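Read through the structure below, which is laid out as structure tokens, and then see the notes.
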Amino acid sequence: MAGAGIAVVGASLGGLRAAEQLRAAGWRGTITLFGDEPHLPYSRPPLSKEVLAGEAPASGTQLRRRPSVEDVEWRLGTAVASADLTARTLTLADGRVHVYEGLVAATGVRPRRLPLPGGPPRHVVRTREDSAALAAELVAGARVLVIGSGFIGCEVAATARAAGCEVTVVAPESEPMVLAIGEDLARALRHRHEARGVRFRMGHLATALTPRGAVLDDGTELRADVLVEAVGSLPNTEWLAATPGLDLTDGILCDAHLRIGGLPHAVAVGDVARFPNPRYGPLPRRVEHWSVPGDTARHAARTLLAGLTGTPRDPAPCAPLPSFWSDQFTLRLQSFGQPALADRAELLSGDPDSPDGDLLYGYYQGDRLIGVAALGGPAAAAAAARHRTELMALPERVV
């Protein structure tokens with residue numbers, strides 16, 4: 001049995017940012033990070049784009065670490081099997097027990113898999129190893145079938161098509177990325193993919209996989225040499241499953257200060273945390289955007305240190321402004337706020353019927369702007385960013 005100090009379970013972006021913010025908040029004690037991958041924290045977005053395309057080495061994705069965390073202990077390749085939040089212990093996969101004073105849950109998500117057996121060579125994109133395995137298959141002329149049309153599905157489709165592959169995307173939704181950006185902008189995104197040779201079978205499900213491809217719900221058989229599963233993600237919460245009273249329905253339910261189960265000595269950050277954001281009402285949500293690990297880590301670190309030291313905590317709840325970007329072909333999709341919660345979208349600039357050119361949409365609840373999203377080049381992304389001040393001023397409980 002070893003340990004004490006603060007344990008951070010998860011050694012990716014959220015874990016790194018948590019360690020940095022703990023130091024920034026004044027914690028001078030031990031910090032131990034546990035990660036099931038053998039790598040130091042690295043950036044995942046390039047794995048479906050530059051790294052997958054062979055334009056950048058996987059080694060170049062390692063995240064820069066602030067000098068303040070040079071003394072933390074990295075326990076890489078070390079999975080946590082379970083936790084006892086009352087006794088404040090972690091049981092590792094090899095049976096060892098680690099004692100802690102404070103806990104940060106930063107275990108993120110893993111790819112959801114298709115509930116179908118068989119098929120051609122199957123891939124997901126989450127780790128460096130995943131990206132390398134898929135990259136080896138993306139040779140010119142290869143028939144690539146992408147199941148799913150979210151971030152990863154669209155990015156992989158663009159990368160594979162740019163590599164000379166024949167690419168077909170299948171998804172049950174009406175348009176690619178429609179849940180994130182709405183019908184109008186999603187339709188424009190599909191048209192621009194199609195103009196570059198990507199084929200879409202929207203509104204369909206794969207019902208069976210064969211060594212030669214997939215069978216859809218209308219009986220169509222699609223031939224494929226490579227299958228990419230991009231059907232969403234699952235939060236990594238199993239290590240907390242034995243803790244009584246925790247709501248792990250969709251990630252780890254936290255309060256507005258990111259405390260797990262109201263405990264003063266346990267917080268969650270990043271993709272795995274489900275918490276109420278007062279900008280968008282009282283309903284707790286998980287948000288899997290690049291900005292969220294840093295924003296939640298900053299608040300969670302102050303919450304945890306207040307709980308451990310008995311000092312007053314920040315009375316303001318955690319209220320990040322979500323943002324994301326996605327590079328597909330030469331296009332950048334940039335968003336701020338929560339377009340998915342809007343009741344209507346409005347074209348602010350551009351021509352959605354044009355095969356090219358910049359587009360900017362605003363997303364509203366009533367007459368209140370709650371999100372923006374842009375598609376195009378650098379000017380479109382800059383136009384979206386100009387709305388950040390208005391979105392940051394969004395008052396509490398708008399929904």
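These numbers come from a predicted model, not from an experiment.
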**Prompt:** Is any side-chain heavy atom of P172 closer than 4.5 Å to a side-chain heavy atom of H204?
**Reply:** no
**Complete:** For A268 and A300 the tightest heavy-atom approach is O-CB, 4.2 Å
**Prompt:** Just wondering, do L333 and W325 contact through their side chains at under 4.5 Å, heavy atoms?
**Reply:** no
**Asked** Can you list every salt bridge (charged side-chain N to carboxylate O under 4.0 Å, His left out) pair that touches residues 4-30, not counting sequence neighbours?
**Response** R17-E20, E20-R66, R23-D71
**Prompt:** Which distance, rounded to the nearest 0.5 Å, do you find between the CG of L240 and the CG of L85?
**Reply:** 6.0 Å
**Prompt:** Quick one: are L258 and T296 in side-chain contact, heavy atoms under 4.5 Å?
**Reply:** yes
**Item:** Joint cluster assignment, L63 & V72, ILVMFWY side-chain distance < 4.5 Å
**Value:** yes
**Asked** Using the benzene-type ring in the case of Trp, are the ring centres of H257 and F275 under 6.0 Å apart?
**Response** no
**Message:** Can a side-chain donor-acceptor contact be found between E37 and T127 if the only test is distance below 3.5 angstrom?
**Reply:** no
**Message:** Main chain of R88, side chain of D84: is a donor-acceptor contact present, judged purely on distance under 3.5 Å?
**Reply:** no
**Request:** Report the residue from H191, R190, R196 that forms a side-chain hydrogen bond (donor to acceptor under 3.5 Å, both in side chains) with E194.
**Result:** R190
**Prompt:** Is there a donor-acceptor contact under 3.5 Å from the side chain of R274 to the main chain of P284?
**Reply:** no
**Prompt:** So do V156 and V125 actually touch side chain to side chain, heavy atoms under 4.5 Å?
**Reply:** yes
**Message:** Contact between P322 and F336 at the side-chain level, heavy atoms closer than 4.5 Å - yes or no?
**Reply:** no
**Heavy-atom closest contact (P339 atom, A180 atom, distance)** = CB-O, 3.4 Å
**Item:** Exercise: do S354 and D356 side chains pair donor with acceptor under 3.5 Å
**Value:** no
**Prompt:** Restricting to pairs with a member in residues 114-134, which pass salt bridge (charged side-chain N to carboxylate O under 4.0 Å, His left out), not counting sequence neighbours?
**Reply:** R122-E229
**Request:** Run through D271, N236, T237, V269 and flag the one making a side-chain contact (heavy atoms from CB on, under 4.5 Å) with T107.
**Result:** N236
**Request:** Kindly confirm or rule out a cation-pi arrangement of R368 over Y364, judged by NZ or CZ under 6.0 Å from the six-membered ring centre and within 45° of its axis?
**Result:** no
**Item:** Close side-chain approach of S349 and D358, heavy atoms under 4.5 Å
**Value:** no
**Message:** Restricting to non-hydrogen atoms, name the atom on G15 and the atom on V8 that form the minimum distance, rounded to 0.1 Å.
**Reply:** CA-CG1, 3.7 Å
**Request:** Using a 4.5 Å cut-off on heavy atoms from C-beta on, say whether the side chain of L308 contacts that of H265.
**Result:** yes
**Request:** On the 0 to 90° scale, with breaks at 30° and 60°, tag the H289-F151 ring pair as parallel, tilted or perpendicular.
**Result:** perpendicular
**Under 3.5 Å: donor-acceptor pair, side chain of W27, backbone of G29** = yes
**Prompt:** To the nearest 0.5 Å, what is the distance between CG (L246) and CG (L263)?
**Reply:** 7.5 Å
**Message:** If you define the side chain from C-beta out and look only at heavy atoms, does anything of Y363 sit under 4.5 Å from I181?
**Reply:** yes
**Request:** May I ask you to decide if A319's main-chain N or O and R279's side chain share a donor-acceptor pair within less than 3.5 Å?
**Result:** yes
**Asked** Can you say whether the rings of F329 and H193 are parallel (under 30°), tilted (30 to 60°) or perpendicular (over 60°)?
**Response** perpendicular
**Prompt:** Any luck finding a side-chain donor-acceptor pair between T30 and E73 under 3.5 Å?
**Reply:** no
**Request:** Identify whether the distance between the nearest side-chain nitrogen and carboxylate oxygen of R192 and E175 falls below 4.0 Å.
**Result:** no
